[in-house]
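Atoms considered below: every heavy atom in the structure, side chains included; atoms not considered: hydrogens, waters and symmetry mates.
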Amino acid sequence: MFMRTAKRISQVLVLALFSTLALAEDFIEGKHYVKLVSPVPVSQPGKIEVAELFWYGCPHCFDFEPYIEPWSHQLPDDVRFERVPATFSKLWKTHATAFYAAQALGIGEKLHSDFFNRIHLKNERLSDDNSIAQFFSEYGVTEDEAKKALKSFGVKSKVQQAGARVRGYQSMGVPGLVVNGKYRIDTGSAPGGWPGMLKVAEYLIEKERQAQ
């Protein structure tokens, strides 16, 4: 009983601290973030959604990864984080397909950061099914299993859905953050670089929390 109470108190304190920090600064619509004219439905109603728009080949997304990764794991329980790969070109779609195939195989979280590293630190393009399947095979699946996942209907559907969401967000580039399908934060608008983007996201999360 004591342990459950202590855990609950800890959760309340974390949420209170998160809210206080988020409200410490006031950000301006149209300057620090964009309010979408037509909100995009969230994947899990009842939770405040933060969607990260990214492409594995983007050097800025690679630079953002050390900031967004730990931040996403420290979000309060009422916030849901989701990665959404952009599909602006054939290569981008190939990498989006790899992202969802890895999820389908249960190795998405294991190899996500390494996917960035292979491209930006080891100069591997990972631009076709063969190279991607070989990469996946290092994470406990066979190359045949990887290729089947890459060509599966379910994965292709998710790639199409991701493309539709990015269009709905009216995003022109990556990385970007979208809070609750309503507010988009771009790299050029948020003050203070990568930490600034996260501060604006925290501000908008609290804005949504208070509106509920």
- Who passes side chain to side chain contact (heavy atoms under 4.5 Å, CB included) against Gln170, sequence neighbours left out? Leu36, Arg184

- Message: Are the side chains of Val200 and Pro191 in contact, using a 4.5 Å heavy-atom criterion?
- Response: yes

- Query: Atom CZ of Phe27 and atom NZ of Lys207: how far apart are they, to the nearest 0.5 Å?
  - Reply: 12.5 Å

- Please name the pair of heavy atoms, one in Ser43 and one in Glu82, separated by the smallest distance, quoted to 0.1 Å. OG-OE1, 3.1 Å

- Task: Measure the spacing between CG of Asp63 and CD1 of Ile68 and express it to the nearest 0.5 Å.
- Result: 13.5 Å

- Task: Would you check if Val159 and Thr87 make a side-chain contact, meaning some heavy-atom pair closer than 4.5 Å?
- Result: yes

- Item | Summary of side chain to side chain donor-acceptor pair (under 3.5 Å) pairs that have at least one residue in residues 93-104, sequence neighbours excluded | Trp55-His95

- Task: Verify the cluster assignment for Leu204 and Phe64: are they in a single hydrophobic cluster under the rule of side-chain heavy atoms below 4.5 Å apart?
- Result: yes

- Query: Would you call His32 and Tyr203 a side-chain contact if the rule is heavy atoms closer than 4.5 Å?
  - Reply: no

- Taking atom types as modelled, find out whether Gln212 and Glu208 have a side-chain donor-acceptor pair closer than 3.5 angstrom. no

- Note on the structure: Contacts of Lys156 meeting side-chain hydrogen bond (donor to acceptor under 3.5 Å, both in side chains) (sequence neighbours excluded), chain-then-number -> none

- Value rounded to 0.5 Å, distance of CH2 in Trp71 from CG in Leu75: 4.5 Å

- Rounded to the nearest 0.5 Å, how far does NZ of Lys110 lie from CG of Leu105? 10.5 Å

- Task: Compare every heavy atom of Val155 with every heavy atom of Ala104, then report the nearest pair and how far apart it is.
- Result: CB-CG2, 4.3 Å

- Message: Using the side chain to side chain contact (heavy atoms under 4.5 Å, CB included) criterion, which residues pair with His112? Sequence neighbours excluded.
- Response: Phe54, Tyr56, Glu65, Arg83, Phe99, Phe116

- Heavy-atom pair of closest approach, residues Val178 and Leu53: CG2-CD1, 4.1 Å

- Query: Taking all non-hydrogen atoms of both residues, which atom of Val166 and which atom of Ala86 are closest, and how far apart?
  - Reply: CG2-CA, 4.1 Å

- Query: Going by heavy atoms in the side chains, are Pro175 and Trp194 under 4.5 Å from each other?
  - Reply: yes

- Query: If you round to the nearest 0.5 Å, how far is CD1 of Ile132 from OG of Ser137?
  - Reply: 12.5 Å

- Item | Note, Asp78 side chain near Ile205 side chain (heavy atom, < 4.5 Å) | no

- Query: Other hydrophobic cluster members with Val34, side-chain heavy atoms of Ile/Leu/Val/Met/Phe/Trp/Tyr under 4.5 Å, chained?
  - Reply: none

- Item | Nearest atoms (heavy-atom pairs only) where Phe136 meets Ala98 | CZ-O, 3.3 Å

- Who pairs with Ser152 by side-chain hydrogen bond (donor to acceptor under 3.5 Å, both in side chains), at least two apart in sequence or on another chain? none

- All pairs passing ring-ring contact (aromatic ring centres under 6.0 Å, His included) where residues 173-192 contributes a residue, at least two apart: Tyr33-Tyr183

- Note on the structure: side chain to side chain contact (heavy atoms under 4.5 Å, CB included) filter on Lys47, not counting sequence neighbours, yields Gln44, Arg80

- Shared hydrophobic cluster for Ile119 and Trp92 (ILVMFWY, side-chain gaps under 4.5 Å): no

- For residues 137-171, the ring-ring contact (aromatic ring centres under 6.0 Å, His included) pairs (sequence neighbours left out) are Phe135-Tyr139

- Task: Return the minimal non-hydrogen interatomic distance between Val42 and Gly181, and the atom names on each side.
- Result: CG1-N, 4.1 Å

- Would Phe81 end up clustered with Met197 when hydrophobic side chains under 4.5 Å apart are linked, directly or stepwise? yes

- Message: One thing to verify: whether Arg118 and Glu138 come together as a salt bridge, which I'm taking to mean a side-chain N less than 4.0 angstrom from a carboxylate O.
- Response: yes

- Message: If the condition is side chain to side chain contact (heavy atoms under 4.5 Å, CB included), which residues does Lys31 pass it with, not counting sequence neighbours?
- Response: Ile28

- Query: Ser131: what forms a side-chain hydrogen bond (donor to acceptor under 3.5 Å, both in side chains) with it, not counting sequence neighbours?
  - Reply: Asp128

- Query: Any side-chain donor-acceptor pair under 3.5 Å between Glu49 and Asn180?
  - Reply: no

- Query: Are the charged groups of Glu145 and Lys148 less than 4.0 angstrom apart, N to O?
  - Reply: no

- Query: Can you find a heavy atom in the side chain of Leu177 that is under 4.5 Å from one in the side chain of Leu198?
  - Reply: yes

- Task: Answer yes or no: is there a side-chain heavy-atom contact under 4.5 Å between Cys61 and Glu52?
- Result: no

- From CG (Leu150) to CD (Glu143), nearest 0.5 Å: 11.0 Å

- Task: For Asn130, enumerate each residue passing the side-chain hydrogen bond (donor to acceptor under 3.5 Å, both in side chains) test, keeping only those at least two apart in sequence or located in another chain.
- Result: Lys147

